[in-house]
Amino acid sequence: MAGQGKTFKIITYGCQMNQRDSEMMADLLQAAGYEPVADEAEAGVIILDTCCVREKAENKVYGKLGQIERLKSANPDLVIAVAGCMVQQPGVAEKIRQQAPYVDLLLGTHNLAELPRLVEEIRELHRPLVAVREDAGPVVEDLPRRRARGAQAFVTITYGCNNFCTYCIVPYVRGRERSRRPDDILKEIEALVDQGVIEVTLLGQNVNSYGRDLEGDVTFASLLTMVNDVAGLKRIRYVTSHPRDFTPELVATISRLDKVCEHVHLPVQAGSNRILELMHRGYTREHYLELVASLRRHIPGISLTTDLIVGFPGETEEDFLETLDLVARVQFDNAFTFMYSPRKGTVAAGLPGQLPREVKKERLKRLMELQNRISLAKNEALVGQVVEVLVEGPSKTDPSQLSGRTRTNKLVIFPGEAGLTGKLVNVRLTKAQTWLLKGEISRA
Ligand code: SAM
Ligand code: SF4
């Protein structure tokens, strides 16, 4: 066992990109002789991998830093690092230095590979460091061997985003879109499968624009076709799909490939064309509804999930009613719903017509009530079916049960042996709730 100095704990906020970055930081630290610990009080290095997509995410980080200060007072050798999207924003480094002067390292989203060296340097020099590069530079591939963590893995296919939706901070903190080369992606997936992975989730802010910056004519559809050929792999997922770039060719490819799961996360954001235009999303509600119809026509049983923002600047009650109408028409299986949060430096933060919090809150409540009713009805319609579930492990809320996901990404809870973790089992669905289904292993 390594001494406390050579142990680390990473606390991750935000999206799957951050989860993947955190795994990469863990691999880098482990390759340098550090060991992960479950409890931050036992760690020699604590890293907060931050998100800044909404104000709430940032507030959580400041709250956590307040708690960690006590650990630092008790153990001055503790190294505290703040990494990820938050530190990439102008002015945040200064704010953290003022509010939490005990933080030793600020690490930008393009500097992750420097982590082990910087931690050593802080320990030797006894002074804080800042490593925040603004320019992403080329994609780095020569990282330490990737460790699989169970039967599922995230695999990044693009970094950054070129879309500049007017509300969104991501392009500013993650840089321009850069695609990884298909052979690097395939090599990584093959190595993961060798370690027992059977499901991969391909990650990008807009997976549908994969390959545009690469030579040759590689597209997301052609990448999926190559990944589908990896022997031993059973399931392929991907997030996030942008409705503007979801081509008919891609719909056809997905319907043809047996390993690609019948689930698309397709953020619509709003139901009013006026608001979609102000958001700079590049599609209309009519285009979105046609795409949904085409997906349902070509991929029977497909589940659709989405992201929705309420209270975008200038959103009227009529605009909001169009969002409710679109949600009622599409009948999403599930939706992530957000109150608009102004992000400094984005176009929307400077638009007139910023709405009071009470209006956003009230609209969010109405939207969630509608979606919850739809989610429950969708799940109820599945009761009685036998579905394939990839077991993720004991359920977090009831460890005597197992939890796992269907190909359509539904969460299923059922009694079973923990030894089934990482395996595909057939489960008969017996009971529906808004967020999950209950079931029992089917021996039939
Ligand atoms: N690239 C993905 C996409 O285009 O949908 C997801 C990016 S973002 C990390 C995830 C979700 O956060 C978005 O789909 C959007 O609904 C929400 N979001 C982004 N910026 C926001 C803001 N300023 N206020 C509220 N929600 C926001
Ligand atoms: Fe943000 Fe839009 Fe890019 Fe998604 S597509 S990351 S919402 S700018």
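All heavy atoms count here, side chains included; hydrogens, waters and symmetry mates do not. Every number for a ligand or one of its atoms is a count from 1 in the order of the listing.
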Would you mind listing which atoms of ligand 2 come within a distance below 4.0 Å of any non-hydrogen atom of [X]?
X: Gln205; result: 6 (S)
X: Cys168; result: 1 (Fe), 6 (S), 7 (S), 8 (S)
X: Phe164; result: 8 (S)
X: Pro171; result: 8 (S)
X: Cys161; result: 3 (Fe), 5 (S), 6 (S), 8 (S)

Tell me the closest heavy-atom pair linking Pro182 and Val218, and the distance in Å.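 That closest heavy-atom pairing would be CG-CG2, 3.9 Å.
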About how many Å separate OH of Tyr283 and CG of Asp245, when rounded to the nearest 0.5 Å?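 Here the rounded value is 10.5 Å.
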Among all protein heavy atoms in this structure, tell me which lies nearest to atom 7 (S) of ligand 2, with the distance rounded to 0.1 Å.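 Result: Tyr167 OH, 3.4 Å.
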Protein heavy atom at shortest distance from atom 5 (S) of ligand 2: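 For atom 5 (S) of ligand 2, the nearest protein heavy atom comes out as Asn163 ND2, 3.3 Å.
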Among all residues two or more places apart in sequence or in another chain, which pass the side chain to side chain donor-acceptor pair (under 3.5 Å) test with His265?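 His265 satisfies side chain to side chain donor-acceptor pair (under 3.5 Å) with Thr305, Asp307 only.
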In plain terms, say whether [X] and [Y] are close enough for a salt bridge, that is, a side-chain N and a carboxylate O under 4.0 Å apart.
X: Arg285; Y: Asp325; answer: yes
X: Glu188; Y: Arg146; answer: yes
X: Glu388; Y: Lys234; answer: no
X: Glu69; Y: Lys72; answer: no

Look at Cys165 and state whether any of its N, O or S atoms is less than 2.8 Å from atom 3 (Fe) of ligand 2.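 Given the 2.8 Å cut-off, Cys165 does not count as a ligand of atom 3 (Fe) of ligand 2.
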Distance-only, no hydrogens or angles: does the Gln371 side chain make a donor-acceptor pair with backbone N or O of Phe332 under 3.5 Å?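 Looks like yes, one N/O pair under 3.5 Å.
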I'd like to know if Arg281 contacts ligand 2, where contact means a heavy-atom distance under 4.0 Å to any ligand atom.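 Within the 4.0 Å threshold, so yes.
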In terms of heavy-atom contacts, does CD of Glu55 have more than 12 from other residues, nucleotides or ligands at under 6.0 Å?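 Open.
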Are side-chain heavy atoms of Thr158 and Asn206 found at a separation under 4.5 Å?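 Side chain of Thr158 against side chain of Asn206, heavy atoms only: no contact under 4.5 Å found.
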For the residue pair Arg54 and Phe338, would you count it as a cation-pi contact if the rule is NZ or CZ under 6.0 angstrom from the ring centre and within 45 degrees of the ring axis?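 Yes, Arg54 and Phe338 form such a contact.
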Would you mind telling me if ligand 2 is within reach of the side chain of Asn206, the backbone, both or neither, using heavy atoms under 4.0 Å?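 Near ligand 2, Asn206 shows nothing, with every heavy atom at 4.0 Å or more.
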Which parts of the protein, at residue level, reach under 4.0 Å of ligand 1 through a heavy atom?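 Protein residues near ligand 1 are Val53, Arg54, Tyr167, Gln205, Thr240, Pro267, Gln269, Arg281, Asp307, Ile309, Phe338, Met339, Tyr340, Ser341, Arg343.
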